[in-house]
Amino acid sequence: MTLAAQLLDWYYKNARDLPWRKDKDAYKIWVSEIMLQQTRVEVVKDYYKRWMDRFPTLEILAQASEQEVLNYWQGLGYYSRARHLLSGVREVCLEYGGKVPDNPATIQRLPGVGEYTAGAIASIAYNRAAPAVDGNVLRIFSRLFCLDGDIAKSATKREIDRLIRQHIPSQCPGDFNQALMDLGAMICIPRRPRCQLCPLTNLCEAYAREVQDTLPVRATKKAPQLIVLAAAVVLRDGKYLVRQRTKAGLLAGMWEFPAIEVVEDEVAVERLKEELWNELRQAVCIKEKMSHYLHTFSHRKWDISFYQCEWLAGDDLTDKACWLSASELSTVPWAGPHYKVALLLGQKAVK
DNA sequence: AAAACGGGGTG
DNA sequence: CACCCAGTTTT
């Protein structure tokens, strides 16, 4: 028995029943793979179903607005994934006649699609013998072959990609890749792997040496940088003042209550008042702090305070800001903790 | 090669 | 609280 045969025997008895495994539609595989990047399966399930109710085909998604797409992505994180997916399906409509290409290299040219996702789509939707090396595969192979290189480094990834190519079966590469996902999710898990249930222990070098708990090796990430912010909640005639973040960078294109970064020991409320006047031409009187949140991103930590403000006077707003009623707060995608305040103020349905 | 890019679950 | 998750793009 080969590694692939042992793995597939196990997979055909134990495969998870997942919403995106109902058929091999390349668009559906694509959406699921993008949602699953750095995101847990359990979280993706509901988003995926909601998404397919609204955007059941590639053509329907291609016609949607970016704001609506971002709204459906709200809470999933890494929002560039949604923007890339939208531009990607539009590209497929225009350049490939609405059919997702079947060649891994061609698929990888689509925005938001890297080596992993291209391999996953090609192997699962089209049965092409392409590897799909994700976190699960890195973990499983680092244990199988006792590789102690940092799996965050490209050298280690190249080494594992090479090993995969020696084991991927040409008949059913998609099942092989998905079997590795399931093995990594259910058996060869990050901490305390369930080796007694594993179909590959007879091949596993780490198991033989009893070092499976020490692998894979991953360098520890540095602590996120602390950013102190102050945000203004301005109410005028039943509507709230909101603005859109810039097109690039963190939470690009998402909406927020006007906010500033508080540097050193500046007086937050004074700077906030100046910002509203300088940037939005609104005169306000800052009242009491209404809420305070600590919000940690992968690389940054926000300490953000929301201040209730009384509107005094102001010009009409220009392009990137507007007044929204409480019920309209649910119509825009929100930036991080601003979503919690929008929920508080509006009637946005809890997901 | 390293940093940017989100949010939530888990032990 | 540290760590992790079906990674990709930019620097």
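The chains referred to below are lettered A, B, ... by the order of the sequence lines, with proteins before strands, and numbering in each begins at 1.
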Nucleotide N/O to protein N/O under 3.5 Å, stretch nucleotides 1-3 of chain B:
from, atom 1, to, atom 2, distance (Å)
B:dA1, OP2, A:S154, OG, 2.6
B:dA2, OP2, A:K153, NZ, 3.0

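- For the residue pair A:T296 and A:P224, the shortest heavy atom distance occurs at CG2-CG, 3.9 Å.
- For A:Y116 and A:Q37, the side-chain atoms include no donor-acceptor pair closer than 3.5 Å.
- Sorted by residue number, the members of residues 289-298 of chain A with any non-hydrogen atom under 4.0 Å from DNA chain B read A:H295, A:F297, A:S298.
- A ring pair (Phe, Tyr, Trp, His ring centres under 6.0 Å) check over residues 244-265 of chain A, counting only residues at least two apart or in different chains, returns the pairs A:F257-A:W334.
- Under a 4.5 Å side-chain heavy-atom criterion applied to ILVMFWY residues, the cluster that includes A:V211 comprises A:L215, A:V217 as well.
- In the model, A:E328 has a side-chain atom that pairs as donor or acceptor with a side-chain atom of A:S325 under 3.5 Å.
- In this entry the distance linking CD of A:Q225 with P of B:dG6 reads 15 Å, nearest Å.
- For A:E42 and B:dG9, the CD to P distance is 11 Å, given to the nearest whole Å.
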Footprint string (nucleotides 4-11 of chain C, 5' to 3'): B base within contact, S backbone only, - free, heavy atoms under 4.0 Å: BBBBSS--
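- Applying the side-chain hydrogen bond (donor to acceptor under 3.5 Å, both in side chains) criterion to A:T201, with sequence neighbours excluded, gives no partner residue.
- With hydrogens and angles ignored, the 3.5 Å screen pairs a side-chain donor or acceptor of A:R81 with a backbone N or O of A:I34.
- Atoms OH (A:Y47) and P (B:dG7) sit 9 Å apart, rounded to a whole Å.
- Nearest heavy-atom pair, A:L272 versus A:P258, reported as atom, atom and distance to 0.1 Å: CD1-O, 4.0 Å.
- Between A:L36 and A:W20, the closest side-chain pair of non-hydrogen atoms falls below 4.5 Å.
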